[in-house]
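Just below is one structure, and these are the notes that go with it.
These numbers were taken from a predicted model, which means no experiment stands behind them.
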Amino acid sequence: QVQLVESGGGSVQSGGSLTLSCVVSGFPNNFYSGAWFRQAPGKEREGVAGFSPGAGTRYADSVKGRFTISQDNARKTLFLQMNSLKPEDTAMYYCAANVGYVPALIDRRSYDHWGQGIQVTVSS
């Protein structure tokens with residue numbers, strides 16, 4: 001019954017901003033850890049940002065200071081605010097989640113549930 005539904009992808013110019021949203025449902029008491037991953041053609045899926053209740057956040061070095069992961073007060077939606085976007089940020093972005101706490105916030109092995117992926121394209 002766990003579902004992750006992503007939205008907010010699109011195409012922007014270098015230096016622009018986008019906000020991705022992931023509506024999460026099906027976890028008991030809506031208690032979960034969540035993260036954003038991305039995958040460019042020919043490359044491995046990499047962790048971008050992760051969040052765990054009470055444990056804070058974790059970011060990949062490549063996006064620190066530019067991206068922010070957050071959760072709404074009702075714990076229904078996970079966001080990724082992306083600022084100062086670069087062409088190298090172009091990828092399919094995936095939302096991921098797992099019940100409760102996870103051992104590593106931006107490790108794909110921490111998560112059992114995944115969204116369908118949304119495209120983000122940044123042009124020069």
Side-chain angles (χ1 to χ4, degrees):
Q1 290 294 116
V2 173
Q3 291 187 216
L4 284 72
V5 181
E6 299 150 310
S7 62
S11 181
V12 298
Q13 296 184 79
S14 181
S17 299
L18 279 176
T19 299
L20 305 182
S21 299
C22 177
V23 177
V24 181
S25 62
F27 290 110
N29 202 36
N30 218 22
F31 182 72
Y32 63 91
S33 296
W36 290 94
F37 293 77
R38 67 186 182 188
Q39 187 169 20
K43 295 187 177 181
E44 292 289 311
R45 188 171 299 186
E46 63 174 346
V48 175
F51 168 83
S52 188
T57 58
R58 177 81 180 275
Y59 296 93
D61 289 341
S62 59
V63 306
K64 286 180 180 177
R66 299 190 297 122
F67 291 11
T68 302
I69 189 170
S70 62
Q71 188 182 48
D72 70 333
N73 290 334
R75 301 193 296 269
K76 291 183 178 180
T77 308
L78 199 63
F79 301 99
L80 184 67
Q81 175 65 48
M82 303 183 291
N83 298 323
S84 302
L85 283 162
K86 307 173 182 179
E88 51 263 45
D89 294 318
T90 296
M92 286 289 293
Y93 282 71
Y94 298 86
C95 180
N98 205 10
V99 64
Y101 296 102
V102 300
L105 292 179
I106 55 173
D107 187 336
R108 63 175 179 81
R109 295 171 294 180
S110 294
Y111 301 98
D112 296 327
H113 307 281
W114 295 82
Q116 79 284 357
I118 46 176
Q119 180 68 36
V120 171
T121 301
V122 185
S123 60
S124 300

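- Counting only distance, with no hydrogens or angles, the side chain of Thr19 and the backbone of Gln81 share no donor-acceptor pair below 3.5 Å.
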Full working for side chain to side chain contact (heavy atoms under 4.5 Å, CB included) between Asn29 and Arg75
CA-CA 9 Å; Asn29 202 36; Arg75 301 193 296 269; 4.0 Å; yes
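- Counting non-hydrogen atoms of neighbouring residues, nucleotides and ligands closer than 6.0 angstrom, the CD atom of Glu88 exceeds 12 such neighbours.
- Partners of Tyr94 according to the ring pair (Phe, Tyr, Trp, His ring centres under 6.0 Å) rule, which considers only residues two or more places apart in sequence or in another chain, do not exist here.
- The nearest pair of heavy atoms linking Phe27 to Asn98 is CE2-C, 3.8 Å.
- Shown here is Arg58, whose CZ atom has no more than 12 heavy atoms of other residues, nucleotides or ligands within 6.0 Å.
- If you chain together hydrophobic residues whose side chains sit under 4.5 Å apart, Phe67 and Leu78 fall into the same group.
- Shown here for Glu6 and Tyr93, the closest heavy-atom pair between the two residues is OE2-O, 3.5 Å.
- The disulfide bond (SG atoms under 2.5 Å apart) pairs that include a residue from residues 53-119 are Cys22-Cys95, where partners are two or more places apart or lie in different chains.
- Inter-residue side-chain proximity for Glu46 and Arg38 is flagged as met; some heavy-atom pair is nearer than 4.5 Å.
- Of the possible polar contacts, one joining the Ser33 side chain to the Gly100 backbone as a donor-acceptor pair under 3.5 Å is found.
- By the side chain to side chain contact (heavy atoms under 4.5 Å, CB included) test, Ser70 is found to be paired with Phe79, residues two or more places apart in sequence or in another chain being considered.
- Considering only heavy atoms from C-beta on, Leu20 comes within 4.5 Å of Val120 through its side chain.
- The hydrophobic cluster containing Val102 does not contain Leu4, counting ILVMFWY residues as joined when their side-chain heavy atoms lie under 4.5 angstrom apart, directly or transitively.
- At most 12 heavy atoms of other shown residues, nucleotides or ligands fall within 6.0 angstrom of atom CD in Gln3.
- Remark: the Ser17 side chain and the Asn83 side chain contain an N/O donor-acceptor pair separated by less than 3.5 Å.
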Could you give me the CA-CA distance, side-chain angles and deciding distance for Trp114 and Arg108, then say whether side chain to side chain contact (heavy atoms under 4.5 Å, CB included) is met?
CA-CA 10 Å; Trp114 295 82; Arg108 63 175 179 81; 4.0 Å; yes
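- In plain terms, the two heavy atoms of Thr57 and Ile69 that are nearest each other are CG2-CG2, 3.7 Å.
- Counting only residues at least two apart or on different chains, no disulfide bond (SG atoms under 2.5 Å apart) pair has a member in residues 54-86.
- Between Ile118 atom CD1 and Trp36 atom CH2 the span is 5.0 Å, to the nearest 0.5 Å.
- Sorted by first and then second residue, the side-chain hydrogen bond (donor to acceptor under 3.5 Å, both in side chains) pairs involving residues 115-124 (not counting sequence neighbours) are Gln119-Thr121.
- With a 4.5 Å cut-off between side-chain heavy atoms of Ile, Leu, Val, Met, Phe, Trp and Tyr, the cluster of Phe31 takes in Tyr101.
- Among all heavy-atom pairs drawn from Phe37 and Ala96, the shortest one is CE1-CB, 3.9 Å.
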Test salt bridge (Lys or Arg N to Asp or Glu O under 4.0 Å) on Asp89 and Lys86; report intermediate values, then the result.
CA-CA 5 Å; Asp89 294 318; Lys86 307 173 182 179; over 6 Å; no
With ring-ring contact (aromatic ring centres under 6.0 Å, His included) as the test, would you mind laying out the steps for Tyr32 and His113 before giving the verdict?
CA-CA 11 Å; Tyr32 63 91; His113 307 281; over 10 Å; no
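- In terms of heavy atoms, Ser52 sits closest to Leu105 at CB-CD2, 3.4 Å.
- The minimum heavy-atom distance linking Leu80 with Ala49 is given by the pair CD1-CB, 4.0 Å.
- By the rule that hydrophobic residues join a cluster once side-chain heavy atoms approach within less than 4.5 Å of another member, Val48 and Val12 end up as members of one cluster.
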